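Taking it in order: structure first as structure tokens, then the write-up.
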Amino acid sequence: MLEKHKIVIDDYDLLVGNRSTTPRAGVVSPEMSPYWILDELDEFATRPQDTFEMSEEDKRTYREELYPFWKGRSLNDWYVAHRAPEVAEAEKDKVFAVAQTDKGQGHIIADFEEPLRLGLSAIAADVRSRRDADPANDFYQAGVICMEGMIAYVHRYERVVREMMVAATPERATELRRMADVLGHIATEPARDLYDALQLVWLVSVALQHESNASSLSLGRMDQYLLPYYRASVAAGESAVDIRELIQCFYLKTFTIVAVRSTESASFFAGFPIGYNLVVGGTDENGEDATNELSTLLLDIQQDTRLPQPNLSVRMGAHTPDELLHKAAEIIRLGDGLPQVFNDEVNIPAFERRGVSLADARDYAVVGCVELSIPARMYGLHDISMFNMLKCFEITLDENPDGFAGFEELLSGVEHTIDLLRRPHGRGMQHLRPRASGDVGHAVPLGSRARLPREWRRHHRRWSTLQPLGCPGRGDGQPRRLPHRAQEGGL
């Protein structure tokens, strides 16, 4: 894929990396589920939310080539074939609906610090040595293919940029020359400065998009892992204006990627959200405030772009400095809905209660919209299933036509129904993505995310769960529906 993907570089680009041939072009995922795409081909341009223009030629290609190939082979087909009868029945009765079959799953924060610190060549050599020691391990085989493909992909951009220098104006040729030098270096070596770091982070992000076409491949704590490279650029004499422009370019790149959702999904997630969540602030592993000069700068650039991506978040706690508090308030006052604010005093203890080590809990970030996650250590797709709480209440009433002895018995019955019906959700679809797995820390040394040491099993793997819907309605509905069940002083 990375060998044949069409590279596009605009005249004013300072950072390269395109998921599609035009900005904000959608990519369909028939490997996830080809059926809804076929049903909606002629409706993309006229549907209520998140419209797309699709040529008649592309429609023909889909109907005649892509759909016949993926019919019966998609992830959705696998899920339908393997789900238990009670799961199918629960979906039919609208107890829950499995989400995210219209595109890739995402909802991870890759270990960006590792390629920045080690370089792609060193990571490739590590995976290659593990593959050679365990040649039957498919995960290592896939890892070698992915890393070699990634290195070649960066070199492809370098070649295209050098070719563009021939016909460029002197001013643009100077920009292109630096871009080519950056690409040539980061194809194999660790990042040296902020230019290297931003370019490498973005190309890794684009590669993950090529692999899974997913939302919420989030950026994590950028003010932490970019800080050494930012300071290196400042020490080398890079001007504040040039640094700001580079970060602006990075922000604009995140806005070029959108997801094609089904009409039903778009009705819930309208506005083309893609979930490039970028977190600033918070603490270090020792609990000390980790705010730095890059924290406020990354927030401040929202004043320049005024775009919904990246999805800015700020961590705050008892020791957050006033400078960051004031900057966050200043950006919130713009009215863009950013940044989101997360409370360390609540979230860190919450992770600890789930068995996460204190050091890891202090390193938490935000993935997608508002889901909390540990960068490079956790895969938490928190809305893989939309769970209908009102339906559980209705089922409880219908299965107890003689009523209840009292409110506590009713409440116990509803809780029992919820507990009974939430279990089938956990038997849903699971799949592993080699490139993404290799970027989630510790997957490569272990051979796959499925081979985790005992002490990691609770919090360094998938934390996918259901998303309850209708909780307020369920609470309101209980007292209103009780009287007609009353009998002999009961309910």
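What's counted below: heavy atoms across the whole structure, side chains too, no hydrogens, waters or symmetry copies. Bear in mind that the values here come from a model prediction, so they are computed numbers and not experimental data.
A salt bridge links E238 with R178; the closest basic N to acidic carboxylate O contact falls under 4.0 Å. The pair E43-R47 does not meet the salt-bridge criterion, since no charged nitrogen lies less than 4.0 angstrom from a carboxylate oxygen. Using a 4.0 Å cut-off between a side-chain N of Lys or Arg and a carboxylate O of Asp or Glu, R377 and D360 qualify as a salt bridge. Remark: E163 does not engage R159 in a salt bridge, criterion side-chain N to carboxylate O under 4.0 Å. Checked for salt-bridge contact, K92 and E89 miss the test: no charged N lies under 4.0 Å from a carboxylate O. Between K59 and D42 a salt bridge is recorded (basic side-chain N to carboxylate O distance below 4.0 Å).
More than 12 heavy atoms of other shown residues, nucleotides or ligands fall within 6.0 angstrom of atom CD in Q49. Atom CD of E113 has 12 or fewer heavy atoms from other residues, nucleotides or ligands within 6.0 Å.
Judged by distance alone, with hydrogens and angles left aside, the side-chain atoms of N347 form no donor-acceptor pair with the main-chain N or O of F342 at under 3.5 Å. In this structure, the side chain of Q340 does not engage the main chain of V370 through any donor-acceptor pair within 3.5 Å. Judged by distance alone, with hydrogens and angles left aside, the side-chain atoms of D58 form no donor-acceptor pair with the main-chain N or O of E53 at under 3.5 Å. With hydrogens and angles ignored, the 3.5 Å screen pairs a side-chain donor or acceptor of Q141 with a backbone N or O of P135.
Under the 6.0 Å cut-off for aromatic ring centres, Y153 and Y157 qualify, their centroids lying closer than that. Between F272 and F52, a ring centre-to-centre spacing shorter than 6.0 Å is recorded.
With sequence neighbours excluded, the residues that form a side-chain contact (heavy atoms from CB on, under 4.5 Å) with R244 are Q248, L297, D300, I301, D304.
With no hydrogens or angles considered, no side-chain donor-acceptor pair links N277 and S218 at under 3.5 Å.
Checked against R130 for a side chain to side chain donor-acceptor pair (under 3.5 Å), the options D134, D132, D126 give a single hit: D126.
Sequence neighbours left out, the pairs with a member in residues 12-23 that pass salt bridge (Lys or Arg N to Asp or Glu O under 4.0 Å) are D13-K253.
Between atom CZ of residue F269 and atom CD of residue E264 there is a gap of 10.5 Å, rounded to the nearest 0.5 Å. Residue L278 holds its CG atom at 8.0 Å from CG of L226, rounded to the nearest 0.5 Å. Rounding to the nearest 0.5 Å places OG of S20 at 11.5 Å from NZ of K6.
Between Y35 and Y67, the angle of the ring planes goes over 60°, which puts this pair in the perpendicular group of the 30/60° scheme.
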